[in-house]
**Student:** 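Okay, here's the structure, questions in a sec.
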Amino acid sequence: MTDFTPDVIVVGAGLAGLVATHELALAGKRVLVLDQENRANLGGQAWWSLGGLLFVDSPEQRRMGIKDSPELAWQDWQGSAQFDRLGDGTDGPGRGEDHWPLQWAKAYVEFANREKRDYLHALGLRSLPFVGWAERGDGRATGHGNSVPRFHLTWGTGPEVVRIFVEPVQEAEARGLVRLAFRHQVDELVVEDGTVVGVRGTVLADDDAERGVKSSRDAVGDFEHRAAAVVVTSGGIGHNHELMRRSWPTERVGPAPEHLISGVPAHVDGRMQAISETAGATMVNRDRMWAYVEGIHNWDPVWPDHAIRILPGPSSMWFDATGKRLEGMSGVPGADSIGAMKQILATGHDYSWFVLTQSIIEKEFALSGSEQNPDITGKDLKFLAKTRLAKGAPGPVEAFKEHGVDFVVAATLDELVTGMNELARGPRLDVDDLERQVVARDREVDNAFSKDIQVMAIHNARRSRTDKLIRVAKPHKVLDPAHGPLIAVRLNILSRKTLGGLETNLDGQCVAADGSVVPGLYAAGEVAGFGGGGVHGYNALEGTFLGGCIFSGRAVGRALAR
């Protein structure tokens, strides 16, 4: 690559790296992008995503009758993040781990209010008119959760979010401004006189594996490249279960799960965290991560331990491994992910159960991932109308019900519990105990009001136009045969996002232990905790991971362009 002298080196060709590269190329900068995978993996994890984006007071929200504001969004963000590591308030040695994340969070909520949608709209991105209500909250106005629906689903899902940045980057590549070097694994950041001046690493053997498939690590050479700045955009630690367990917040959440399945491909290994630390960067908030509790084993896997997350509506009954119904708002599916995890892990087991009906699965089960939503990913309106409005669950959901190892379908509760016990990794469930809890809940649906918090949440959800139209089933008795058959789903914990990361200032410059910047070193995306080393704090409001990659990648690109 002696014929190409870059101004900036970007390590990682995921969404944050593409956004930074796009911004740099717009400014006429020469960018070398290095990635350990092949070209088929451009866009990284973002390509596999559902493409959800959090906007605040958007036209889509207003058309659906949703009243949102930056003040309400900031209240929700603070209640969810619960920033509590603020130190002495300075940006020096006494700063806390949440010093920069708090500033990133304020800037991000402002960005999500207007500029984020305008920026993406200008690049060609469009959202579906229905606004989803993710992480519905823990029941407190100032606590965790979205007070209103804010989850805007991209028309085209994750591949479309990737496309709007890949295409201009490829155009810049054709003009000679950008060079994409695949199968280049960075092993070291080159530091001279305290300044990061380049990278060294291993050239990996060509591997034509399809997107997401685990690739070889056979070495065929080495490389060294230099530039005025290096931007690390290498992603999180979601497939590095050893590293996850080492940082697992046992005291706060419960014991690390023995059985853990992977919501991200094998190349999401977290290597660049330690490499960046060696060069002087600081890792903060290591114990904050966003693992989901509604994971199911993919019956048609792409990567090892391939997990899919169920995006549930609020109506499925949720039981821990012992057969006890989860309590409070965190016992309502889709309300409070970390709260649910605490209840589940408190049993000493690492799985739980949904019990539901065919009526519920048809209206309320969605699967996270671009490949699990071919109608929206393919931007096929006829297919969308056919799959979403026709009777029955969407095809991918029915396929999991038929083939997935975590599903039990039965005509009676006795048969259902027998099947659940065949799948249990822990105690056997007692059918009489389960029936008592189901019947008690069923008695609560005879009126349009209730003292059962889950039934209350269902009625509240159906006041949202989106939920009533396409997302939340009409309240009914679980044991009513007219809504059968009965379905049980064994829910496993799946890895997904790293909430902590490399500490960065608002320009994306990596911060050293003494609070000074590390000259020449920048970071964006998940490796930087989506901004600052943990913009989400302890909880995510959802629709903020892709947005965090876009916001932090753009900030770095524009700072370096200046």
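None of these values were measured; they are calculated from a predicted model.
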**Student:** Between atom CG of L53 and atom CG of L120, what is the distance when rounded to the nearest 0.5 Å?
**Tutor:**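 Those atoms lie 6.5 Å apart.
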**Student:** State plainly whether the residues E37 and R217 are in salt-bridge range, i.e. N to O under 4.0 Å.
**Tutor:**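 A salt bridge is present here (some side-chain N lies under 4.0 Å from a carboxylate O).
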**Student:** Using ring-ring contact (aromatic ring centres under 6.0 Å, His included) as the criterion, list what pairs up with W47, not counting sequence neighbours.
**Tutor:** none
**Student:** May I ask you to test the M283-L502 pair for a side-chain heavy-atom distance under 4.5 Å?
**Tutor:** yes
**Student:** Side chains of W303 and H267: does their closest heavy-atom pair fall under 4.5 Å?
**Tutor:** no
**Student:** With a 3.5 Å distance limit and no angle check, can you tell me whether N298 reaches the backbone of I308 through a side-chain donor-acceptor pair?
**Tutor:**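 Answer holds: no.
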**Student:** Output yes when a side-chain donor or acceptor of R179 lies under 3.5 Å from a complementary backbone atom of L34, and no otherwise.
**Tutor:**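 No.
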**Student:** Is there a side-chain contact between V213 and V302 (heavy atoms, below 4.5 Å)?
**Tutor:** yes
**Student:** Is the shortest side-chain heavy-atom distance between R246 and R286 below 4.5 Å?
**Tutor:** no
**Student:** Checking S495 side chain against H239 main chain: does a donor-acceptor pair fall under 3.5 Å?
**Tutor:**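 No, the answer is negative, given that no donor and acceptor are paired below the 3.5 Å cut-off.
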**Student:** Taking Q36's backbone N and O only, do any of them form a donor-acceptor pair with Q185's side chain (distance below 3.5 Å, no angle check)?
**Tutor:**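 No, the answer is negative, given that no donor and acceptor are paired below the 3.5 Å cut-off.
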**Student:** With a 4.5 Å cut-off on side-chain heavy atoms, are S262 and H241 touching?
**Tutor:** yes
**Student:** From E294 CD over to D406 CG, what is the distance, rounded to the nearest 0.5 angstrom?
**Tutor:**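 Interatomic distance, E294 CD to D406 CG, rounded to 0.5 Å: 13.0 Å.
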**Student:** Could you tell me which residues satisfy side chain to side chain donor-acceptor pair (under 3.5 Å) with T202, sequence neighbours excluded, listed by chain and number?
**Tutor:** D187
**Student:** Is there a donor in the side chain of T377 and an acceptor in the side chain of E371, or the other way round, less than 3.5 Å apart?
**Tutor:**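 Short answer, no.
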**Student:** Once side chain to side chain donor-acceptor pair (under 3.5 Å) is applied, do any residues pair with N240, and if so which ones, sequence neighbours excluded?
**Tutor:**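 With sequence neighbours excluded, N240 shows a side chain to side chain donor-acceptor pair (under 3.5 Å) to no residue whatsoever.
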**Student:** Assess the residue pair L42 and F182 against the criterion (side-chain contact (heavy atoms from CB on, under 4.5 Å)); give the C-alpha distance rounded to whole Å, side-chain angles, the decisive distance to 0.1 Å, and a yes or no.
**Tutor:** CA-CA 9 Å; L42 258 178; F182 298 101; 4.0 Å; yes
**Student:** I'd like to know if the side chain of N285 reaches the main chain of G500, judged simply by a donor and an acceptor atom lying under 3.5 Å from each other, with no hydrogens or angles considered.
**Tutor:** no
**Student:** So, taking the atom named CG in L260 and the one named CE in M244, what distance separates them when rounded to the nearest 0.5 Å?
**Tutor:** 5.0 Å
**Student:** By the ring pair (Phe, Tyr, Trp, His ring centres under 6.0 Å) test, which pairs, at least two apart or in different chains, include something from residues 189-221?
**Tutor:**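 Sorted result for residues 189-221: empty, none.
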**Student:** Is the shortest heavy-atom distance from the side chain of F151 to the side chain of L50 under 4.5 Å?
**Tutor:** yes
**Student:** Kindly state each residue pair satisfying salt bridge (charged side-chain N to carboxylate O under 4.0 Å, His left out) with at least one member in residues 40-60, sequence neighbours excluded.
**Tutor:** D57-R62, D57-R114, E60-R63, E60-R117
**Student:** Please give me the minimum heavy-atom distance between I261 and G295, naming the atom from each residue.
**Tutor:**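 Heavy atoms of I261 and G295 come nearest at CD1-C, 4.0 Å.
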**Student:** State which residues pass ring-ring contact (aromatic ring centres under 6.0 Å, His included) with H22; sequence neighbours excluded, sorted by chain then number.
**Tutor:**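 H22 satisfies ring-ring contact (aromatic ring centres under 6.0 Å, His included) with F165 once adjacent residues are dropped.
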**Student:** Is it true that, when you exclude E210 itself, more than 12 heavy atoms of the residues, nucleotides or ligands shown sit nearer than 6.0 Å to its CD?
**Tutor:** no
**Student:** When Y108 is tested against each of W77, W74, F530 for ring pair (Phe, Tyr, Trp, His ring centres under 6.0 Å), which residue passes?
**Tutor:** W77
**Student:** What residues form a ring-ring contact (aromatic ring centres under 6.0 Å, His included) with H121, not counting sequence neighbours?
**Tutor:** none
**Student:** Please give me the minimum heavy-atom distance between S80 and N539, naming the atom from each residue.
**Tutor:** O-ND2, 2.8 Å
**Student:** Taking D7's backbone N and O only, do any of them form a donor-acceptor pair with R30's side chain (distance below 3.5 Å, no angle check)?
**Tutor:** no
**Student:** Testing the basics here: between M272 and S234, what is the closest heavy-atom pair and its distance to 0.1 Å?
**Tutor:**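 Taking every non-hydrogen atom into account, CB-OG, 3.0 Å.
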**Student:** Quick check: closest heavy atoms across F365 and R471, and the distance to 0.1 Å?
**Tutor:**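 It is N-NH1, 4.3 Å.
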**Student:** I'd like to know if the side chain of N373 and the backbone of G369 have a donor-acceptor N/O pair within less than 3.5 Å.
**Tutor:**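 Present.
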**Student:** Go through the steps to decide whether L367 and I296 satisfy the test side-chain contact (heavy atoms from CB on, under 4.5 Å), and finish with yes or no.
**Tutor:** CA-CA 10 Å; L367 300 174; I296 51 177; 4.1 Å; yes
**Student:** Suppose we screen for side chain to side chain contact (heavy atoms under 4.5 Å, CB included). Which residues come up paired with L72, at least two apart in sequence or across chains?
**Tutor:**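 Here the qualifying residues are D68, S69, Q75, D76, S147, V148, R150.
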**Student:** Report the C-alpha distance between L311 and Q372 in whole Å, list the side-chain angles of each, state the deciding distance to 0.1 Å, and finish with yes or no for side-chain contact (heavy atoms from CB on, under 4.5 Å).
**Tutor:** CA-CA 11 Å; L311 300 172; Q372 301 297 331; over 6 Å; no
**Student:** If you define the side chain from C-beta out and look only at heavy atoms, does anything of V186 sit under 4.5 Å from F223?
**Tutor:**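 The answer is yes; the side chains approach within 4.5 Å.
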**Student:** Are the charged groups of R175 and E171 less than 4.0 angstrom apart, N to O?
**Tutor:**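 Answer for the salt bridge query: no.
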**Student:** Please name all residues satisfying salt bridge (Lys or Arg N to Asp or Glu O under 4.0 Å) with D207, sequence neighbours left out, ordered by chain then number.
**Tutor:** none
**Student:** Between atom CG of L128 and atom CG of L153, what is the distance when rounded to the nearest 0.5 Å?
**Tutor:** 5.0 Å
**Student:** Report yes or no: does N505 contribute a side-chain atom to a donor-acceptor pair with the main-chain N or O of V511 at less than 3.5 Å?
**Tutor:**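 Judged by distance alone, no pair lies under 3.5 Å.
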**Student:** Any heavy-atom pair between the side chains of Q273 and V527 that's under 4.5 Å?
**Tutor:**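 Heavy-atom side-chain distance check passes, below 4.5 Å.
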**Student:** Measure from the side-chain N and O atoms of W104 to the backbone N and O of G533, and report whether any donor-acceptor pair falls under 3.5 Å.
**Tutor:** no
**Student:** Using modelled atom types only, decide if a donor and an acceptor are shared between the side chain of T504 and the backbone of G531 within a distance under 3.5 Å.
**Tutor:**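 The answer is no, because no donor-acceptor pair under 3.5 Å joins these two groups.
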**Student:** Could I get the full list of salt bridge (Lys or Arg N to Asp or Glu O under 4.0 Å) partners for D35, not counting sequence neighbours?
**Tutor:** none
**Student:** Show the atom names and distances, to 0.1 Å, of all donor-acceptor pairs under 3.5 Å that link a side chain in residues 541-557 to residues at least two apart or in another chain.
**Tutor:**
| from | atom 1 | to | atom 2 | distance (Å) |
| --- | --- | --- | --- | --- |
| E542 | OE1 | Y292 | OH | 3.0 |
| E542 | OE2 | W290 | NE1 | 3.1 |
| E542 | OE2 | Y292 | OH | 2.6 |
| T544 | OG1 | H536 | NE2 | 2.8 |
| S552 | OG | G525 | N | 2.8 |
| S552 | OG | G548 | O | 2.7 |
| R554 | NH1 | E115 | OE2 | 3.1 |
| R554 | NH2 | E115 | OE2 | 3.0 |

**Student:** Answer yes or no: are there more than 12 heavy-atom neighbours, outside D208 itself, under 6.0 Å from its atom CG?
**Tutor:**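 No, the 6.0 Å shell around CG holds no more than 12 heavy atoms from other groups.
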**Student:** Are any of the side-chain nitrogens in E110 or K106 under 4.0 Å away from the carboxylate oxygens of its partner?
**Tutor:** no
**Student:** Going by ring-ring contact (aromatic ring centres under 6.0 Å, His included), name the residues that satisfy it together with H152, two or more places apart in sequence or in a different chain.
**Tutor:**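 Residues passing ring-ring contact (aromatic ring centres under 6.0 Å, His included) with H152: F55.
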**Student:** Check W299 against A399 and note the closest heavy-atom contact, atom names and distance.
**Tutor:** CZ2-CB, 3.8 Å
**Student:** Walk me through whether R183 and V220 qualify under side-chain contact (heavy atoms from CB on, under 4.5 Å).
**Tutor:** CA-CA 10 Å; R183 304 296 288 160; V220 295; over 6 Å; no
**Student:** Can you name the nearest heavy-atom pair linking L180 to R39, along with the distance?
**Tutor:** CD1-NH1, 3.7 Å
**Student:** What is the distance from atom CG of D467 to atom CH2 of W133, rounded to the nearest 0.5 Å?
**Tutor:** 7.0 Å
